[in-house]
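Indexing begins at 1, ligand by ligand and atom by atom, following the structure's order. Being a predicted model, the structure only gives us computed values, none of them experimental.
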Amino acid sequence: MGRRLLMLGPPGAGKGTQASRLGRAIGIPHISTGDMLRAAVDAGTELGLRAQAIMEAGELVPGDLVTAMVISRLNEADAECGYLLDGYPRNSAQADALEAAFGERALEKVLLLEAPADALVERLVKRGSEVGRSDDIEAVIRNRLVVYEEETAPLVEFYESRNMLGRVDGLGTMDEVFFRLVEVLAG
Ligand code: AP5
């Protein structure tokens with residue numbers, strides 16, 4: 001079994017950007033619940049139809065739906081050699097569900113990308129104007145940040161208390177952030 005990692009951090013911190021590169025570098029799949037849900041929306045599946053309006057409002061999709069999707073993905077063959085989760089678990093109920101399914105071995109290290117709110121909003125507003133992701137509208141971005149503080153931020157203390165957390169400054173160039181992550185992982 002290879003590395004079992006979680007990339008944690010607020011919207012716009014660079015989780016997807018860095019997890020994709022890090023996953024390739026280590027040779028483990030990058031599993032992003034946001035990407036999986038957006039693919040379900042694009043494909044018009046039942047899950048996508050249920051998730052679309054919730055995502056466009058910047059709220060969390062019901063945990064049982066996301067947990068079922070993640071468990072099924074983690075049971076695929078390529079995840080046997082490890083994985084890098086991005087976007088899940090997103091609150092304590094999801095952390096408990098992951099542990100109920102796979103035990104404490106589900107995660108061995110959590111990488112927390114940190115950046116101030118004004119930088120996060122600036123990045124996401126820019127992406128909204130360039131790529132048109134439907135939740136990259138300023139009012140929705142601000143709601144995503146509130147949801148992060150209320151639902152996801154408590155996980156930082158949870159994983160810190162288990163000595164699993166590595167904090168990484170998410171400001172700087174993408175290369176700078178990447179090499180900080182590599183250093184924390186090696187340490
Ligand atoms: P999700 O896709 O996980 O969105 P998010 O957490 O809001 O994060 P983002 O993808 O916006 O940001 P990121 O931190 O990945 O940064 P990125 O690399 O993209 O979730 C979307 C929605 O799905 C949720 O709101 C929810 O509705 C639902 N969902 C997902 N998981 C769920 C779950 N477990 N339970 C319930 N619901 C769930 O970068 C952002 C931008 O910044 C990019 O344009 C990038 O190019 C740029 N950038 C990155 N790094 C840098 C840098 N160093 N300098 C300058 N710009 C940078």
Could you list the donor-acceptor pairs under 3.5 angstrom formed between side-chain atoms of residues 59-66 and any protein atom two or more places apart in sequence or on another chain?
from: Glu59; atom 1: OE2; to: Asn143; atom 2: ND2; distance (Å): 2.9

> Got more than 12 heavy atoms from elsewhere within 6.0 Å of CD, Glu114?
Replying inline: yes
> Taking heavy atoms and a distance under 4.0 Å, where does Glu130 meet ligand 1: side chain, backbone, both or neither?
Replying inline: neither
>> With a 3.5 Å distance limit and no angle check, can you tell me whether Lys15 reaches the backbone of Gly9 through a side-chain donor-acceptor pair?
In response: yes
>> Please list the nearest protein heavy atom to atom 53 (N) of ligand 1 with its residue and the distance rounded to 0.1 Å.
In response: Gly172 O, 2.9 Å
> Out of Arg90, Gln18, Lys126, whose heavy atom is nearest to atom 32 (C) of ligand 1?
Replying inline: Arg90
>> Under 4.0 Å between a side-chain nitrogen and a carboxylate oxygen: does that hold for Arg73 and Glu76?
In response: yes
>> Using a strict threshold of under 4.0 Å (side-chain N to carboxylate O), is an ion pair present between Arg21 and Asp175?
In response: yes
> Counting heavy atoms only, which part of Thr17 comes closer than 4.0 Å to ligand 1: side chain, backbone, both or neither?
Replying inline: both
>> Checking contacts here: is it the side chain or the backbone of Arg133 that comes within 4.0 Å of ligand 1, counting heavy atoms only? Could be both or neither.
In response: side chain
For a quick test of your reading: what N or O donor-acceptor pairs under 3.5 Å do the side chains of residues 36-46 make, sequence neighbours left out?
from: Arg38; atom 1: NH2; to: Asp35; atom 2: OD1; distance (Å): 2.9
from: Thr45; atom 1: OG1; to: Ala40; atom 2: O; distance (Å): 3.4
from: Thr45; atom 1: OG1; to: Gly48; atom 2: N; distance (Å): 3.1

> With a 4.0 Å heavy-atom cut-off (strictly under), which part of Thr173 contacts ligand 1: side chain, backbone, both or neither?
Replying inline: backbone
> Side chain, backbone, both or neither: which part of Ala51 has a heavy atom under 4.0 Å from ligand 1?
Replying inline: neither
> Under a 4.0 Å heavy-atom limit, does Leu60 contact ligand 1 with its side chain, its backbone, both, or neither?
Replying inline: both
>> Counting only heavy atoms closer than 4.0 Å, does ligand 1 sit against the backbone of Lys15, its side chain, both, or neither?
In response: both
>> Between ligand 1 and Glu176, can you find any atom pair, the residue atom being a heavy atom, that is separated by under 4.0 Å?
In response: no
>> With a 4.0 Å cut-off on N to O distance, would you call Glu138 and Arg142 a salt bridge?
In response: yes
> Is it the case that Arg24 places NZ or CZ above or below the six-membered ring of Phe178, under 6.0 angstrom from the centre and within 45 degrees of the axis?
Replying inline: no
> What residue and heavy atom of the protein are closest to atom 19 (O) of ligand 1, and at what distance?
Replying inline: Arg127 NH1, 2.8 Å
